[in-house]
Amino acid sequence: MERTIALIGFGEAAMAFAPGLSASLRAYDIKTDRADLAAAKRAQYESLGVTGCDTAAQALDGAEAVLSLVTADQALLAAESAAIAPGTLWFDMNSVAPDTKHAAAAAIHAKNGRYVDVAVMSPVLPARTAAPLLVSGPHAEAGAALLTALGFASVRVVPGDVGRASSIKMIRSVMVKGLEALTAECVLAASRAGVLDEVLASLDASEKPKPWAERADYNLDRMLAHGLRRAAEMEEVVKTLDSLGTGATMTTGTVVRQRAIGAIGATPPDGLAAKLDLLTRKADAA
């Protein structure tokens, strides 16, 4: 008999994973609660062969497992409000701090569910179900087995409690998302000063794996498209660093920069020069 899997949240990650999953899929996304967004979201369900549900409870009813793929600020609420049956595997695949995952795990375990901390360690596109996953917690082995059976091609158990996998993802994000924010600060200033070519050439001389002009274009593209979501994720990184007592000054700055660029709400134009022009015009108009 085919497995029934619930997808809570149906954004980029869920849509990237859905075509490769060997299961009957039900989904609920909060956007279907909005009259202006519901039709588009339901069309996405249909295009991927997913059964769309009007409520989270409807999606969860009878599901063997749940992939929680909401925005970072909704991850704990999704776990706390979940109406799941005992024994249900709850895969928390959201980019949130270990402390947030501890709280979500407590909520799921209070319902006799089985919580699995999952860290998605690469962009979901173009990797889709080949994206590397780290899993941790008391149900990690069972969770890894099911994720593999569903079609995920690279699943690794990280020994340790809930929060171990997310710690790796969160702390790695200090560099990955931090470099994006630093890139924006650097190239915007260099462009305004009229020294962009010289600055980029000097960075190329540092033997980076790809030209910095390509890096800058890519990083600004990601921030324009996903800055708001990444700012929410980086707030969770700040929590992680604060809990470690190591300081989060740069990461706090990354939250500000990612949110400011993401809030522009524009489709990223092609090319670095066009992106810089857009950001400069927005800054001058502010």
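These numbers were taken from a predicted model, which means no experiment stands behind them. Every heavy atom of this structure was used, including side-chain atoms; hydrogens, water molecules and symmetry mates were not.
Heavy atoms only, all atoms of each residue included: Y45 and A27 are closest at CE2-CB, 3.7 Å. Scanning both residues, A14 and G9, for their nearest heavy atoms gives CB-O, 3.4 Å. Taking each heavy atom of A65 and L146 in turn, the nearest pair found is CB-CD2, 3.6 Å. Minimum interatomic distance between C53 and T32 (heavy atoms only, all atoms of both residues): O-OG1, 4.3 Å. Taking both residues in full, the closest heavy atoms of V199 and A190 are given as CG2-CB, 3.9 Å, listed atom of the first, atom of the second, then distance.
We find that K239 and D99 are not joined by a salt bridge, their nearest charged nitrogen and carboxylate oxygen being 4.0 Å or further apart. Residues D29 and K31 are not paired through a salt bridge, judged by the lack of any N-O separation under 4.0 Å between the basic side chain and the carboxylate. Ionic pairing of K169 and E233 is not present here: no N-O contact between side-chain nitrogen and carboxylate oxygen is shorter than 4.0 angstrom. Using a 4.0 Å cut-off between charged nitrogen and carboxylate oxygen, D54 and R42 count as a salt-bridge pair.
Panel note: side chain R156, backbone L134; no donor-acceptor pair is recorded below 3.5 Å. In this structure, D117 contributes its side chain and S166 its backbone to a donor-acceptor pair below 3.5 Å. Looking at D204, its side chain does come within 3.5 Å of a backbone N or O of W212 through a donor-acceptor pair.
L77 and W90 are not part of a single hydrophobic cluster, where members link through side-chain heavy atoms under 4.5 Å apart. Under the 4.5 Å side-chain heavy-atom criterion for Ile, Leu, Val, Met, Phe, Trp and Tyr, L7 and V118 are members of the same hydrophobic cluster. One hydrophobic cluster, built from ILVMFWY side chains closer than 4.5 Å, cannot hold both V116 and V96; they sit in different ones. Placement of V50 and M15 within a single hydrophobic cluster is found when ILVMFWY residues are connected by side-chain heavy-atom separations under 4.5 Å, directly or transitively.
In this structure the side chain of T254 never reaches within 4.5 angstrom of the side chain of S173, judged on heavy atoms. The shortest side-chain heavy-atom distance between V162 and P138 falls under the 4.5 Å cut-off. Contact annotation: the side chain of T251 never approaches that of T240 to less than 4.5 Å [non-hydrogen atoms, C-beta and beyond]. Looking at heavy atoms from C-beta onward, M250 lies in side-chain contact with L182 at the 4.5 angstrom threshold. The shortest distance between side-chain heavy atoms of D284 and R192 falls below 4.5 Å. Two residues are said to be in side-chain contact when any heavy atoms from C-beta on lie closer than 4.5 Å; L188 and R257 meet this criterion. Side-chain contact between V120 and L133: present, with at least one pair of heavy atoms (C-beta onward) separated by less than 4.5 Å. Using a 4.5 Å cut-off on side-chain heavy atoms (C-beta onward), K41 and F10 make contact.
Interatomic distance, H102 NE2 to S243 OG, rounded to the nearest 0.5 Å: 9.0 Å. Here M121 contributes atom CE and S95 contributes atom OG; the two are 9.5 Å apart, rounded to the nearest 0.5 Å. Separating the CG atom in L279 from the NZ atom in K275 is a distance of 9.5 Å, to the nearest 0.5 Å. In this structure, the separation between CZ on R215 and CD on E180 is 11.0 Å, given to the nearest 0.5 Å. Taken to the nearest 0.5 Å, the CG atom of L150 stands 7.0 Å off from the CG atom of L67. Rounded to the nearest 0.5 Å, atoms CE (M93) and CZ (F17) are 4.5 Å apart.
The environment of CD in E214 is crowded: more than 12 heavy-atom neighbours from other residues, nucleotides or ligands sit within 6.0 Å. Annotation for R26: atom CZ counts as buried by contact number, over 12 foreign heavy atoms lying within 6.0 Å. Shown here is E80, whose CD atom has more than 12 heavy atoms of other residues, nucleotides or ligands within 6.0 Å. Few gaps surround CD1 on I168; more than 12 heavy atoms of other groups in view lie less than 6.0 Å from it.
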> What do the steps show when you test T100 against E236 for side-chain hydrogen bond (donor to acceptor under 3.5 Å, both in side chains), and what is the final call?
Replying inline: CA-CA 8 Å; T100 304; E236 296 293 319; 2.5 Å; yes
>> Could you go through L276 and L220, starting from their C-alpha distance and side-chain angles, then the distance that decides it, and tell me whether this counts as side chain to side chain contact (heavy atoms under 4.5 Å, CB included)?
In response: CA-CA 9 Å; L276 289 170; L220 293 183; 4.0 Å; yes
> Could you go step by step and tell me if E235 and R259 meet the side chain to side chain contact (heavy atoms under 4.5 Å, CB included) rule?
Replying inline: CA-CA 11 Å; E235 287 181 328; R259 179 166 288 127; 3.3 Å; yes
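In summary, the side chains of D92 and S68 do not present any donor paired with an acceptor at a separation below 3.5 Å, with no hydrogens or angles considered.
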